[in-house]
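Notes to accompany the following structure.
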Number of protein chains: 2
Amino acid sequence: MKAEQDSKAEKAPWFSESLARGLLVIQAFDASGPNLRATDIAKRSGLSRAATRRFLLTLQALGYIGADDDRYYLQPKVLDLGFAFVSSMQIDRLVQPLLNELSTITSESCSFAVLDNDQALFVARASGPKILQMAVGIGGRVPAHTTSLGHALLSALPHDQFEQYMQSRKGLIDPPALTKLRASIEKGRAHGWVEVKGLLHTAITGVAAPIRNRSGELIGAINVANYGSATTKSMRAHVEPLLDVRSRIEKSLQAAGHILPTAAGRRSA
Amino acid sequence: MKAEQDSKAEKAPWFSESLARGLLVIQAFDASGPNLRATDIAKRSGLSRAATRRFLLTLQALGYIGADDDRYYLQPKVLDLGFAFVSSMQIDRLVQPLLNELSTITSESCSFAVLDNDQALFVARASGPKILQMAVGIGGRVPAHTTSLGHALLSALPHDQFEQYMQSRKGLIDPPALTKLRASIEKGRAHGWVEVKGLLHTAITGVAAPIRNRSGELIGAINVANYGSATTKSMRAHVEPLLDVRSRIEKSLQAAGHILPTAAGRRSA
DNA sequence: ATTATTTGTGCGATTATCGCACAATGACAC
DNA sequence: GTGTCATTGTGCGATAATCGCACAAATAAT
């Protein structure tokens with residue numbers, strides 16, 4: 001039904017077409033393969049070949065794109081853009097050390113993720129000493145309802161946003177699973193943490209807790225995950241360090257002036 | 001002496017100012033903290049406040065930036081841009097599994113990195129079972145001369161580019177270290193792999209090998225690293241699996257049509 | 001209350017960006 | 001070898017996108 005973006009849509013005087021188009025070009029590379037020709041990219045991005053070429057040249061001049069003869073490929077520099085996010089959140093400085101600590105205490109893999117629409121997006125991880133490793137790496141995404149991290153994230157959402165999410169999942173998740181999901185989230189809201197067992201894979205068990213800012217809004221979530229034969233009991237033992245590290249991360253982020261410094265400061269009467 | 005970008009520099013008819021400026025805005029967030037106000041960003045990016053605002057609004061409309069009252073912050077979606085690189089190289093699908101395998105065989109941490117100017121940029125990693133972990137995570141950078149990965153990368157560079165690198169390091173690295181570096185790289189060129197001990201930290205030892213495309217050009221490098229008391233001998237035992245995995249990664253990338261599919265196809269006479 | 005900053009926005013001026021059109025190049029078939 | 005087809009590089013005039021100033025409103029600091 002997406003009625004927006006129609007043919008003659010008002011045009012906003014502040015919208016920078018060129019920027020939007022240029023970003024389209026970067027994303028045209030996505031899974032499409034390592035090196036593309038100008039025409040391919042034009043097709044993928046829906047821009048004219050001439051425009052595509054101009055953007056490619058520009059990006060090349062800026063060092064984001066390399067060209068070999070007439071094939072184009074992304075340069076590692078584009079990672080700077082993605083990691084502008086990571087460094088803007090100061091993940092490496094504020095979150096990673098505490099995550100490492102948690103991993104050492106629990107001898108398990110610990111991750112930090114944020115919510116991106118209906119997905120949990122892995123931003124940082126401290127791998128545990130166990131052999132089995134999570135297949136999805138940093139920057140990877142997983143449907144929120146399939147992991148403890150996702151449940152923790154959803155449990156910290158405002159009610160209306162959560163209901164909106166649940167609504168959007170209808171038809172995509174079978175009803176019994178949906179019911180279970182809601183139960184899990186409600187338990188999470190009550191306890192401040194969640195436990196999820198055998199959702200993404202039968203052998204995976206995880207405990208997770210949301211990270212909030214000073215005004216209680218969701219920032220992300222951390223978890224402790226076991227990919228083997230952890231008992232519920234053994235996982236429960238990880239909850240205390242989990243919550244401890246959680247609040248230390250929250251303190252740390254707040255001290256760094258993270259998202260909404262005062263948060264009280266809305267327009268008053 | 002950067003004589004370029006001078007006041008009235010010819011102006012290129014194909015360069016998209018708007019794209020370049022918009023990207024500047026994203027990067028203005030970098031380490032500057034999680035949420036900035038329009039004026040800050042204008043200052044940091046060197047653009048006029050009006051222009052800055054237009055780009056912020058545009059990026060917000062595209063979902064890359066969030067706004068709260070009048071603070072702006074990056075949304076996780078910007079990671080899509082960075083990971084356009086990772087997915088364009090199909091790291092997760094082609095490299096990560098083999099990296100995991102190498103880590104399992106050696107019981108050590110294994111990483112994949114690419115060369116970005118004078119730095120090794122970590123793109124993927126399989127953490128080993130040991131407690132000690134590398135402090136610098138995915139997306140992180142380290143001066144090339146300080147790690148086995150960096151040495152491997154440098155050893156696969158064309159001679160002129162390598163010499164250019166060495167030239168640029170003069171004055172930044174003390175002469176004896178530079179001499180050692182050159183010796184290490186030459187050994188690397190001869191053997192096809194390098195061993196580096198105690199450079200970034202006295203306790204770190206690593207063996208690494210470059211990854212090349214079909215035409216022999218550098219793509220990246222992988223390594224096996226030990227953060228404890230590994231002997232030279234024990235590390236040597238890792239060389240065989242390292243080289244084995246290296247060539248399997250190369251095959252895998254080539255099969256996926258990686259960088260320069262035929263590579264013979266230059267302009268002939 | 002008064003000043004100093006900041007934000008939001010309208011506007012006319014400018015120039016950056018558009019996409020067509022053509023020549024040149026290489027791919028491929030026959 | 002020659003003829004087709006697809007793709008690239010590039011000029012150009014037309015147009016619309018982008019510029020930054022300037023002013024009002026709002027907020028924070030003195």
Side-chain angles (χ1 to χ4, degrees), chain A residues 5 7-25 28 33 35-62 65-73 257 260-269, chain B residues 5 7-25 28 33 35-62 65-73 257 260-269:
Chain A
Q5 58 105 272
S7 41
K8 215 164 282 178
E10 300 274 338
K11 71 170 170 178
W14 45 261
F15 191 84
S16 174
E17 310 273 355
S18 306
L19 175 53
R21 287 174 172 168
L23 293 174
L24 266 185
V25 168
N35 62 114
L36 304 173
R37 285 171 316 163
T39 310
D40 299 327
I41 300 164
K43 248 177 233 148
R44 263 174 239 280
S45 60
L47 305 174
S48 79
R49 199 177 56 84
T52 304
R53 195 180 133 75
R54 277 192 294 270
F55 290 122
L56 284 171
L57 273 286
T58 301
L59 289 168
Q60 185 181 4
L62 296 173
I65 278 187
D68 186 276
D69 219 352
D70 52 6
R71 327 286 291 205
Y72 296 89
Y73 50 89
L260 315 182
T262 5
R266 297 301 157 77
R267 308 177 186 290
S268 51
Chain B
Q5 57 102 273
S7 43
K8 216 165 285 181
E10 301 274 341
K11 72 169 167 178
W14 44 262
F15 191 84
S16 174
E17 310 272 358
S18 305
L19 175 53
R21 287 173 171 169
L23 293 174
L24 266 185
V25 168
N35 61 115
L36 305 171
R37 284 171 316 163
T39 311
D40 299 327
I41 300 165
K43 247 177 233 146
R44 261 173 240 280
S45 60
L47 304 175
S48 80
R49 201 177 53 82
T52 304
R53 194 179 134 74
R54 276 193 294 273
F55 290 123
L56 284 171
L57 273 286
T58 301
L59 290 168
Q60 186 180 3
L62 295 174
I65 277 188
D68 186 277
D69 220 354
D70 52 5
R71 328 285 292 205
Y72 297 89
Y73 50 90
L260 314 180
T262 3
R266 297 299 160 78
R267 308 180 186 288
S268 52

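Lettering follows sequence order; numbering is per chain, from 1.
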Please work out if [X] contacts a base, only the sugar-phosphate, or nothing of the nucleic acid, heavy-atom cut-off 4.0 Å.
X      : value
A51(B) : sugar-phosphate
A50(A) : base
R49(B) : base
R53(B) : base

remark   = To the nearest 0.5 Å, atom CZ of R53(B) lies from atom CG of L47(B) at 14.5 Å

Of the nucleotides [options], which has the atom closest to the [X] side chain?
X      : options                   : value
D70(A) : dT8(D), dT17(C), dG19(C)  : dT8(D)
E17(A) : dT6(C), dA17(D), dT8(D)   : dA17(D)
F55(A) : dG19(C), dC18(C), dT18(D) : dC18(C)
R21(B) : dA16(C), dG19(C), dC19(D) : dC19(D)

key: S16(A) vs A38(A), nearer the 5' end of DNA chain D by closest nucleotide   =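 On the 5' side of the pair lies A38(A).
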
W14(A) vs Y72(A), nearer the 5' end of DNA chain D by closest nucleotide = Y72(A)

key: Gap between atoms CZ and P, on F15(B) and dG9(D) respectively (whole Å)   = 18 Å

ask   = Is there a donor-acceptor contact under 3.5 Å from the side chain of S18(A) to the main chain of S18(B)?
value = no

message = I want to confirm an ordering. Mapping R54(B) and K43(B) to their closest nucleotides on DNA chain C, which one lands closer to the 5' end?
response =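 Nearest nucleotide further toward 5': that of K43(B).
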
S18(B) vs dA16(C): side-chain N/O to OP1/OP2 distance below 4.0 Å =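 S18(B) to dA16(C) OP1/OP2: no side-chain N or O under 4.0 Å.
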
